[in-house]
**Q** 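Mind looking over this structure? Questions follow.
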Number of protein chains: 2
Amino acid sequence: MTRAPDLDSLKLLVLVGQLGSVGAAAERVGISQPTASHRLSTLERSLGLVLLERSRRGSRLTEAGHMVVGWSQRVLDDLAELMTGAEALRVRRDAELHVAASMTIAEYLAPSWIGQLRGQRPDLYVGLQVTNSERVAALVGSGAADLGFIESPHPPAGLATRPVAHDRLIVVVANGHPWARRRKPLSVEELAATPLVVREAGSGTRETLDEVLGRAGVAMAKPLLELGSATAVRSAVIAATGPAVVSELAVRTDIADGRLAAVSVDGLDLRRVLRAVWPNDRKLVGPAAELLAVARRR
Amino acid sequence: MTRAPDLDSLKLLVLVGQLGSVGAAAERVGISQPTASHRLSTLERSLGLVLLERSRRGSRLTEAGHMVVGWSQRVLDDLAELMTGAEALRVRRDAELHVAASMTIAEYLAPSWIGQLRGQRPDLYVGLQVTNSERVAALVGSGAADLGFIESPHPPAGLATRPVAHDRLIVVVANGHPWARRRKPLSVEELAATPLVVREAGSGTRETLDEVLGRAGVAMAKPLLELGSATAVRSAVIAATGPAVVSELAVRTDIADGRLAAVSVDGLDLRRVLRAVWPNDRKLVGPAAELLAVARRR
DNA sequence: CCAGGTCATAGCGAGAGGCTATGACAGCGA
DNA sequence: TCGCTGTCATAGCCTCTCGCTATGACCTGG
């Protein structure tokens with residue numbers, strides 16, 4: 001059984017690939033050259049692969065090394081998001097820029113935005129508060145937050161607002177599920193009649209779903225399961241608990257590589273706009289304006 | 001300075017979230033309850049967040065805990081791909097199913113496919129050989145590989161073939177680059193006249209690019225830089241070395257969250273079909289057929 | 001009020017992983 | 001041809017992390 005490699009070694013490997021030398025990579029991460037050498041050997045042993053072609057004039061990645069670097073890169077990128085996200089949650093109190101966001105945005109978009117902003121301004125501390133869209137509006141309105149991001153269908157009155165991204169709720173099922181092989185879209189009635197795995201009442205995702213179904217003139221069946229985060233819903237679907245309705249942001253990669261199947265529903269528009277909000281009377285300046293610019297590009 | 005959390009602790013946290021108890025999660029990963037308890041405390045301290053709400057009847061995730069679990073989930077998923085990928089490279093020799101794939105497919109799609117197949121058949125060992133599309137065809141033709149995946153524009157003669165996915169090369173630039181703010185698409189001539197960061201000659205990506213440009217009647221300028229993997233190209237673009245042409249698979253997430261900008265090119269069709277290939281005379285059976293099925297669904 | 005469940009603390013032992021010092025070897029210039 | 005410089009590897013030591021067991025403190029339910 002191969003144990004999980006530690007992240008520092010992966011980072012080291014990536015650096016060796018970029019810098020072409022074990023010693024240089026060691027210096028970059030602040031460890032001695034022998035230590036780096038030893039760590040890389042350990043990594044190779046633990047993966048059972050030769051990753052580096054060592055010579056007296058430096059080290060180059062082998063074929064396998066290139067592959068592992070590619071995979072490591074993604075692990076490390078995601079880890080960086082985790083770290084910036086965690087930091088933003090942590091420094092909430094005494095940050096220079098106070099951001100409030102609804103859950104989906106906070107989980108899938110905000111860390112990346114904040115990370116990019118901090119790439120431009122490394123000494124800027126950003127605080128992130130996550131609540132539901134209604135409370136985001138209140139926080140921005142009261143000045144407790146400088147900038148908010150909401151997923152609510154109704155832009156709140158009294159606040160300046162601007163769309164930053166689009167999102168769509170989708171019906172997903174595990175691969176074994178009969179719906180995965182359907183060729184015809186589901187009817188709204190069929191969907192409404194089926195017990196689903198959904199987010200808990202009060203969440204933006206759930207609200208959107210209820211409202212869209214209501215507008216289509218149907219009432220949702222009693223949920224199969226109510227869960228407190230998109231991640232939990234996703235896990236339940238993968239475990240084949242049943243169909244679910246969830247933001248495409250949460251399952252984008254699962255669908256891209258076939259782990260989950262998206263089921264289209266006839267005549268149901270589950271798109272929604274993700275918006276930035278800020279106090280109406282103030283023009284956005286400084287870090288808040290920069291963050292908005294980062295969020296808006298794309 | 002917050003150090004990188006170790007992956008085992010993240011996994012433990014995810015399990016606590018699912019199982020609702022520290023002890024149960026500890027048992028699941030094969031460590032003692034006190035050890036798990038201690039590790040979780042360490043994780044909380046290192047992130048500076050309270051992740052669990054402990055009670056005498058179990059432990060529940062806090063708000064911050066939910067966020068961290070979501071971010072961790074993605075780190076762990078990527079790590080799982082790394083591990084299956086590495087294993088597939090390692091057991092190449094004595095695997096029960098021999099797969100050969102070109103680089104882009106091997107890096108971005110194959111680990112997920114193999115992971116899903118191994119989810120169904122845990123004791124099946126899959127070996128992965130990565131080379132260029134031409135050699136993949138040769139390996140399959142000679143029987144050295146049971147199933148191949150190629151990104152070449154010309155399906156090789158004498159082999160059964162079936163499309164499994166689509167891919168597209170795209171022009172990407174860093175956000176500061178002038179092209180990032182363009183509203184008009186680039187002309188083919190403009191693109192061809194600009195030195196680009198590209199994959200090395202001989203790679204499927206480079207071949208596709210050369211061929212498409214040739215068909216459009218232009219010749220590519222001398223490359224700014226030639227690199228040996230899509231990951232390296234991506235890094236160069238992020239470092240603002242210059243524009244690059246790379247598979248969308250490599251930069252999908254970067255574009256989705258605005259780290260890189262895609263530039264459209266007028267009248268250039270850079271789509272390509274990714275195909276499975278296998279010997280013409282044999283009907284696919286067993287693991288090879290199963291893997292093809294996994295790759296084809298979506 | 002005890003039984004069975006939870007999580008936390010204490011103390012100990014082993015091993016991972018850090019460091020410095022040194023060796024081996026290739027390439028380059030004098 | 002002979003150092004000089006730069007590469008990576010090995011050896012030996014020491015620290016501190018992280019695992020374990022044993023135990024405590026505390027709810028909940030019978």
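Heavy atoms only: backbone and side chains are in, while hydrogens, waters and symmetry mates are out. So that the names make sense, note that chain A is the first sequence line, chain B the second, and so on, each numbered from 1.
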**Q** Please report the distance, rounded to the nearest Å, between CG in B/Leu19 and P in C/dT6.
**A** 11 Å
**Q** Give the rounded distance in Å between these two atoms: CG of A/Leu43 and C1' of C/dG17.
**A**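 Answer to the nearest Å: 14 Å.
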**Q** Are A/Pro111 and B/Trp71 close enough that some pair of their side-chain heavy atoms sits under 4.5 Å apart?
**A**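 A/Pro111 vs B/Trp71: side chains touch.
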**Q** Does D/dC8 have OP1 or OP2 sitting under 4.0 Å from an N or O in the side chain of A/Ser55?
**A** no
**Q** Mind checking side chain to side chain donor-acceptor pair (under 3.5 Å) for A/Thr131 and listing every partner two or more places apart, or none if nothing turns up?
**A** none
**Q** Quick one: salt bridge (Lys or Arg N to Asp or Glu O under 4.0 Å) partners of A/Glu63, sequence neighbours excluded?
**A**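 Checked A/Glu63 against salt bridge (Lys or Arg N to Asp or Glu O under 4.0 Å); zero matches.
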**Q** In dot-bracket form, how is DNA chain D paired, counting a Watson-Crick or G-U wobble pair only if both its distances are under 3.5 Å and using | for bases paired to another strand?
**A** ||||||||||||||||||||||||||||||
**Q** In sequence, state the C-alpha distance, the side-chain angles, and the governing distance for A/Glu151 and A/Ser102, and then conclude on side-chain hydrogen bond (donor to acceptor under 3.5 Å, both in side chains).
**A** CA-CA 7 Å; A/Glu151 61 198 70; A/Ser102 62; 2.5 Å; yes
**Q** Would you indicate whether the side-chain heavy atoms of A/Val68 and A/Leu43 approach each other to under 4.5 Å?
**A**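 No, too far: nothing below the 4.5 Å cut-off.
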**Q** Report yes or no: does B/Arg118 contribute a side-chain atom to a donor-acceptor pair with the main-chain N or O of B/Leu124 at less than 3.5 Å?
**A** yes
**Q** Starting at CZ of B/Arg60 and ending at P of C/dT6, how long is that distance when rounded to a whole Å?
**A**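 In whole Å, C/dT6 P and B/Arg60 CZ are 16 Å from each other.
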**Q** Whether A/Arg54 contacts D/dA9 is assessed here as follows: a side-chain N or O lying under 4.0 Å from the phosphate OP1 or OP2. Is that the case?
**A**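 Result: yes.
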**Q** Is the number of heavy atoms from other residues, nucleotides or ligands within 6.0 Å of NE2 (A/His38) greater than 12?
**A**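 Check fails, neighbour count at 12 or below.
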**Q** Which letter, B, S or -, goes with each nucleotide of nucleotides 20-30 of chain D from 5' to 3', with contact meaning a protein heavy atom under 4.0 Å?
**A** BBB--BBSS--
**Q** For residues 16-28 of chain A, run the donor-acceptor check on the side chains, cut-off 3.5 Å, and write out each pair with its distance to 0.1 Å, sequence neighbours left out.
**A**
from	atom 1	to	atom 2	distance (Å)
A/Ser21	OG	A/Gly23	N	3.3
A/Ser21	OG	A/Ala24	N	3.0

**Q** Once you round it to whole Å, what is the distance between C1' of C/dG17 and CG of A/Leu7?
**A**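 The answer, rounded to whole Å, is 16 Å.
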**Q** Figure out the CD/P separation between A/Glu53 and D/dA9, and round it to whole Å.
**A** 13 Å
**Q** Looking for any heavy atom pair under 4.0 Å, which part of the strands does B/Ser59 touch: base, sugar-phosphate only, or nothing?
**A**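 The answer is sugar-phosphate, as B/Ser59 gets under 4.0 Å only of primed atoms, P, OP1 or OP2.
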**Q** Return the value, rounded to whole Å, for the distance between atom CD of B/Glu27 and atom P of C/dG5.
**A** 12 Å
**Q** For A/Ser41, which contact category applies under a 4.0 Å heavy-atom criterion: base, sugar-phosphate, or nothing?
**A**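 Contact class for A/Ser41: none.
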**Q** I need the NE2-C1' distance between B/His38 and D/dC18, as an integer number of Å.
**A** 8 Å
**Q** So, using salt bridge (Lys or Arg N to Asp or Glu O under 4.0 Å) as the criterion, who are the partners of B/Arg199 when residues are at least two apart?
**A** none
**Q** Could you check how far CG of B/Leu40 sits from P of C/dT9, rounded to whole Å?
**A**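 Distance check: B/Leu40 CG to C/dT9 P gives 13 Å.
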